[in-house]
Amino acid sequence: MKLRALLMAAGRGSRFGGLKQLAEVSGQPMVTRSLAVYQQVLGNQVSLVLGCQAATVAQSLADTVAVIHAKRWQQGLGASIGDAIKQLPADTSHVLIGLADQVAIQTGDLKRLMDASQQHPDKMIAAFYQGQVGAPVIFPRRYFADLKQLNEDKGAKSILQQHSQNLIAVELSNASIDIDTSEQLNSCANSKNSN
């Protein structure tokens, strides 16, 4: 099993009202914090997918991370995923797609998804939260062609729905927390301070 991870951080963050990737979460840029979690589990098998203001975001990163540039990032998350899949090494058998703004994801969450994938290598493995499936998701190679065709802002959810009979959902409540607005960021910070 040759699993590689794509951490998506290419969007404009228009609802956030600024460069969301560099917004501070627990004293460090959001993208740096999320990347560290993925790298703890997958090491150098993680690529960060950048688009909007890629050079500015890249300046905040250690040189050790591989960066993939999504040429069509302005078309949305789906297009960025499609661009990134096309740049995976040829021997990749599975890809884990995560979102940099899911700031509550922990190493244990990723390990649970990976364990399920090893037990069911032909199945898609998706996080389940708030009554639905979504990122992070592990896709076997058989879905790479579908992923490459994505060209809208809906991510890969359409593929999960289309092939739901070949999907295993893993309960991950941490995946329900993502930062789309500055209010959500403040709410996340306040909830941590009160714990």
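Computed from heavy atoms alone, side chains included, the values below leave out hydrogens, waters and symmetry copies.
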Separation of Leu42 CG from Ser47 OG (nearest 0.5 Å): 10.5 Å
In terms of heavy-atom contacts, Ala169 and Phe128 come closest through CB-CB, 3.8 Å
Which atom of Arg4 lies closest to which atom of Pro89, heavy atoms considered: NE-CG, 3.3 Å
Step through the shown structure and confirm whether more than 12 heavy atoms of other residues, nucleotides or ligands are within 6.0 Å of NZ on Lys2. no
Give the minimum heavy-atom separation between Ala100 and Ser34, together with the two atoms involved. O-OG, 2.6 Å
I need the minimum non-hydrogen distance between Val37 and Gln106, along with the two atoms involved. CG1-C, 3.7 Å
Any side-chain to backbone donor/acceptor pair from Arg112 onto Glu171? Under 3.5 Å, distance only. yes
Counting distance only, does the side-chain N/O of His94 pair as donor-acceptor with the main-chain N or O of Pro121 below 3.5 Å? yes
Could you go step by step and tell me if Val103 and Arg33 meet the side-chain contact (heavy atoms from CB on, under 4.5 Å) rule? CA-CA 8 Å; Val103 296; Arg33 185 177 190 276; 3.9 Å; yes
Per the side chain to side chain contact (heavy atoms under 4.5 Å, CB included) rule, which among Leu6, Ile105, Leu77, Val137 passes with Leu99? Leu77
Minimum heavy-atom distance between His163 and Met124, given as atom pair plus value: O-CE, 3.3 Å
Sidechain N-carboxylate O distance under 4.0 Å for Asp83, Lys71: no
Over all atoms of both residues, closest heavy-atom pair of Phe139 and Ala156: CZ-CB, 3.7 Å
